[in-house]
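Here the structure is a predicted model, which is why all the values come from computation and not from measurement. Along the sequence shown, residues carry numbers from 1.
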Amino acid sequence: GYYGDGLNAIIVFAACFLPDSSRTDYNYVMENLFLYVISTLELMVAEDYMIVYLNGATPRRRMPGLGWMKKCYQMIDRRLRKNLKSFIIVHPSWFIRTILAVTRPFISSKFSSKIQYVNTLAELREMIPMEYVHIPDSIVKYDEDKCIKRRMRTSCLSNDPEMASVEQE
C-alpha cells in the first residue's frame, strides 16, 4: 500500500509464508527471496517508505535466522536505509524482541529508533492507513484468536475477587 501523497510505500512482509528451514535448498531460496525483495524495493521506493513485518502465525521453523537478517541489512543500499521511516513488527515474539535487544549495540541507533512493536492489528490501524494494505487471512485469524484469549484472561482476572482488589489499588 501507500500513505501520504501516494509516493510513500508501505511494504508488508508476512513471515508465515517464508519457506521451512528444513528444506534442502533453504539457503538458496532465502538468498533469492532477499534479492527479489531488494529489487522490488528499488523499483517501488521513490520516497520515504515503511516496512510492516507480520510475525504472527509464524512457526519458529519459518522465521528467518539472525545471520540472514544481518546480511539483508548490510546489503540494503544506503538510499533505502535512509528512506526507511519505520520498521513495524506486528505480533512480536519473545524471540524477535530478544534478538533485536541483543543486536541493538551492533546496529545503528538511527535504525534502532525506526523499530516499533505492535501487538494487535487494531494498534497497527491507529498507526497507518490500512485501506490499501493487504493482511493475510492467517494473520487476521491469529490476531482475533489472540484478542479473544486476552479478553478471556482479563475477564477471568476481573471475576477473581483477589485480583479485582489488586486492580483497584
Side-chain angles (χ1 to χ4, degrees), residues 1 10-31 33-34 36-38 41 49-76 80-81 84-130 133-160 162-164 166-167 169:
I10 300 173
I11 312 299
V12 179
F13 190 82
C16 61
F17 296 126
L18 289 173
D20 196 299
S21 60
S22 65
R23 289 179 60 131
T24 55
D25 61 349
Y26 178 77
N27 289 331
Y28 173 80
V29 171
M30 290 299 282
E31 177 84 15
L33 175 64
F34 172 71
Y36 171 76
V37 168
I38 290 301
L41 279 175
Y49 72 104
M50 65 176 63
I51 295 176
V52 176
Y53 176 81
L54 302 171
N55 189 64
T58 305
R60 176 72 183 103
R61 66 185 188 278
R62 290 187 185 258
M63 285 189 189
L66 178 60
W68 185 79
M69 288 190 277
K70 179 183 176 190
K71 185 177 176 184
C72 290
Y73 177 73
Q74 290 171 337
M75 288 179 66
I76 292 175
L80 287 175
R81 280 198 304 250
L84 177 65
K85 291 306 164 200
S86 65
F87 185 81
I88 302 169
I89 302 172
V90 182
H91 304 124
S93 64
W94 68 268
F95 176 76
I96 294 281
R97 288 180 187 262
T98 302
I99 291 295
L100 288 172
V102 167
T103 59
R104 194 162 293 235
F106 306 105
I107 57 178
S108 78
S109 59
K110 283 185 181 180
F111 181 76
S112 292
S113 69
K114 296 176 184 183
I115 298 172
Q116 297 175 289
Y117 297 114
V118 174
N119 293 311
T120 65
L121 293 176
E123 286 179 47
L124 182 62
R125 276 186 206 93
E126 292 173 10
M127 296 174 71
I128 64 170
M130 297 290 287
V133 175
H134 174 70
I135 304 294
D137 292 339
S138 59
I139 303 295
V140 172
K141 180 165 179 14
Y142 176 87
D143 189 72
E144 289 170 352
D145 292 348
K146 192 173 175 181
C147 287
I148 288 169
K149 286 178 185 174
R150 187 178 298 123
R151 271 186 247 135
M152 286 175 41
R153 190 171 39 238
T154 304
S155 173
C156 290
L157 290 176
S158 63
N159 289 335
D160 183 345
E162 255 182 53
M163 293 308 292
V166 170
E167 287 178 357
E169 291 176 359

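Every residue two or more places apart in sequence or in another chain was checked for a salt bridge (Lys or Arg N to Asp or Glu O under 4.0 Å) with Lys114, and none qualifies. Glu144 pairs by the side chain to side chain contact (heavy atoms under 4.5 Å, CB included) definition with Val140, not counting sequence neighbours. Residues passing the side chain to side chain contact (heavy atoms under 4.5 Å, CB included) test with Tyr26 are Pro19, Ser21, Arg23, Met30, sequence neighbours excluded. Residues passing the side chain to side chain donor-acceptor pair (under 3.5 Å) test with Arg62, sequence neighbours excluded: none. Judged as a side chain to side chain contact (heavy atoms under 4.5 Å, CB included), and not counting sequence neighbours, the contacts of Asp20 are Ser22, Arg61. Residues satisfying the ring-ring contact (aromatic ring centres under 6.0 Å, His included) test with Tyr117, not counting sequence neighbours, are none. By the side chain to side chain donor-acceptor pair (under 3.5 Å) test, Glu123 pairs with no residue at all, sequence neighbours left out. Applying the side chain to side chain donor-acceptor pair (under 3.5 Å) rule to Asn27 yields no partners; only residues at least two apart in sequence or on another chain are considered. Not counting sequence neighbours, Tyr49 has no partner by the ring-ring contact (aromatic ring centres under 6.0 Å, His included) test. Considering only residues two or more places apart in sequence or on other chains, Lys85 meets the side chain to side chain contact (heavy atoms under 4.5 Å, CB included) condition with Tyr3, Asp48.
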In residues 87-94, what donor-acceptor pairs under 3.5 Å come from side-chain atoms, sequence neighbours left out?
from, atom 1, to, atom 2, distance (Å)
His91, NE2, Asp143, OD1, 2.8
Ser93, OG, Phe95, N, 3.4
Ser93, OG, Ile96, N, 3.2

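Taking the side chain as every heavy atom from C-beta outward, Leu18 and Phe13 approach each other to under 4.5 Å.
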Q) Would Tyr142 and Thr58 satisfy side-chain contact (heavy atoms from CB on, under 4.5 Å), going step by step from the backbone distance to the final call? A) CA-CA 10 Å; Tyr142 176 87; Thr58 305; over 6 Å; no
Q.
Determine whether Asn55 and Met63 satisfy the following criterion, side-chain contact (heavy atoms from CB on, under 4.5 Å), listing intermediate values before the conclusion.
A. CA-CA 8 Å; Asn55 189 64; Met63 285 189 189; 3.5 Å; yes
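Under the 4.0 Å criterion applied to side-chain N and carboxylate O atoms, Lys149 and Asp145 are not assigned as salt-bridge partners.
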